[in-house]
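In what follows, residues are counted from 1 in the order of the sequence shown.
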Amino acid sequence: MHAPHGNGERWSSAYHAPVLVEEVLRMLAGAARVLDGTLGGGGHSAALLAAGATVTGLDRDPDALEAAQLRLREHEEVGRFIAVQGNFANVDDIAALDGARFDGILLDLGVSSHQLDALERGFSFREGAPLDMRMAGASAPVSAATLLGTADERELGRIFREYADEPRAMRLAREIVRRRGSGSMATSDDLVGAIRGALGPRTGPGDFARLFQAVRIAVNDEMEALRDGLPRLRDRLTSGGVMAVITYHSGEDRLVKRAFREWSAACICPPRQPVCTCRGEPLGERVAPRGITAGPEEIARNPRARSARVRGWRRAA
């Protein structure tokens, strides 16, 4: 696979503007068979296809699959692209991927532009948006409204503390529980009101984005999916194959960083254990160990790239 010239803007669509496209292409250069585990609107897949790869696109969102298949129809017709519905964390349970191995695997853990912009999907804190946030759509059992309306104070506090790094997480949790006693937590206005009631009237879009993101992560069980999915995807790499993961959240990035570091270590035994009883050799090596972030031009073009970071890992040959 060769990297085409041009900036990431070329791969944007009305559905989504993918981030760090050129960086991903460089990490996955030479990969003939690629799994795009978070297909979205197909922007990264389009770039990978243009670079010569054959791509399998996986996503749990039926809207994303429909948009990507429409965009990449010509590649699908000649057998260079296939779209599969499912969660990358359950890759071993997806019949269409049974036994499949890949030279490159990509995960983009962000929410798509379409999901944010489509008011009915409930990912946005825009006025009047329903509190939904289900990546898999209405087929998923627990919406943001259900979570905020039923979770106890301790669980809500944990969500805001762990997923939003919010120091006043318990204060916000108590405010949500108090408010739902006399009404529902059904729309973005309800959650914004609780945030302002607990954290003060000066809270603004940055706070809302961070706290709404925490709810989205909890609704979709994103941390567990990532924790479970990374080793399963690692085992689908061919010898010398590369996994690239784009994160937008400090917790996600820490999890990916730890996994890649552990897989790259010769010994993972406890420090005081006198004799090595683990695998005794690294499974592979990190690519760009510190990660790569978007440059000022991309951030100016696509502000959602501001918090993005891509890390890579190469399986031993």
Side-chain angles (χ1 to χ4, degrees), residues 1 15-16 18 24 28 31-49 51-112 114-115 121 133-143 216-217 219-246 252 255-256 259 263 283-284 313 315:
M1 185 180 81
Y15 191 96
H16 183 57
V24 165
L28 300 185
R33 294 162 296 171
V34 175
L35 174 66
D36 184 347
T38 47
L39 178 60
H44 285 111
S45 284
L48 290 160
L49 286 159
T54 296
V55 177
T56 298
L58 179 66
D59 207 292
R60 52 180 159 176
D61 186 341
D63 288 354
L65 288 173
E66 183 179 354
Q69 284 182 286
L70 183 63
R71 178 179 186 177
L72 303 175
R73 181 185 298 165
E74 63 182 85
H75 300 289
E76 191 172 33
E77 289 173 349
V78 297
R80 292 189 55 226
F81 171 74
I82 62 169
V84 179
Q85 185 165 4
N87 187 336
F88 67 79
N90 304 322
V91 63
D92 293 336
D93 302 321
I94 299 172
L97 300 181
D98 186 32
R101 301 285 295 277
F102 302 94
D103 309 309
I105 294 175
L106 169 65
L107 295 180
D108 179 353
L109 302 178
V111 64
S112 75
H114 173 78
Q115 288 168 326
R121 294 300 302 271
M133 305 191 190
R134 289 174 288 185
M135 291 280 195
S139 63
V142 179
S143 68
R216 188 206 82 210
I217 288 171
V219 165
N220 296 288
D221 206 13
E222 293 176 37
M223 289 300 186
E224 282 303 310
L226 185 59
R227 189 175 289 109
D228 293 345
L230 283 174
R232 294 172 185 171
L233 292 170
R234 176 198 66 200
D235 293 342
R236 294 301 188 102
L237 284 171
T238 58
S239 296
V242 174
M243 183 189 302
V245 182
I246 302 172
E252 292 172 339
L255 201 159
V256 173
W263 302 347
L283 300 176
W313 183 81
R315 183 168 182 162

Closest approach of [X] to [Y] (non-hydrogen atoms, all atoms of both residues):
X: P62; Y: Q85; result: CD-NE2, 3.8 Å
X: D36; Y: H44; result: OD2-CB, 4.0 Å
X: D63; Y: D61; result: N-OD1, 2.9 Å
X: I217; Y: M223; result: CG2-CG, 4.0 Å
X: L39; Y: A68; result: CD2-CB, 3.5 Å
X: L72; Y: G42; result: CD1-O, 4.1 Å

Check whether [X] reaches the backbone of [Y] with its side chain - one donor and one acceptor, N or O, closer than 3.5 Å.
X: R80; Y: A53; value: yes
X: N220; Y: M135; value: yes
X: D59; Y: G40; value: yes

Under 3.5 Å, which donor-acceptor pairs link side chains of residues 92-99 to any protein atom two or more places apart or in another chain?
| residue | atom | partner | partner atom | Å |
| --- | --- | --- | --- | --- |
| D92 | OD1 | R236 | NE | 3.4 |
| D92 | OD1 | R236 | NH2 | 3.1 |

When rounded to the nearest 0.5 angstrom, what is the spacing between [atom1] in [X] and [atom2] in [Y]?
X: I82; Y: T56; atom1: CD1; atom2: OG1; answer: 4.0 Å
X: L49; Y: E76; atom1: CG; atom2: CD; answer: 10.5 Å
X: N90; Y: R60; atom1: CG; atom2: CZ; answer: 9.0 Å
X: F81; Y: Q69; atom1: CZ; atom2: CD; answer: 6.5 Å

**Request:** Sort out for me which residue in V242, I105, L237, V245 forms a side-chain contact (heavy atoms from CB on, under 4.5 Å) with W313.
**Result:** L237
**Request:** Please examine the side chains of L109 and F88, heavy atoms only from C-beta on, and report whether any two atoms are closer than 4.5 Å.
**Result:** yes
**Asked** Taking atom types as modelled and ignoring hydrogens, do the side chains of T238 and D103 form a donor-acceptor contact shorter than 3.5 angstrom?
**Response** yes
Return all side-chain donor-acceptor pairs below 3.5 angstrom for residues 226-235, not counting sequence neighbours, or 'none' if the list is empty.
| residue | atom | partner | partner atom | Å |
| --- | --- | --- | --- | --- |
| R227 | NH1 | E224 | OE2 | 2.5 |
| R232 | NH1 | A89 | O | 2.5 |

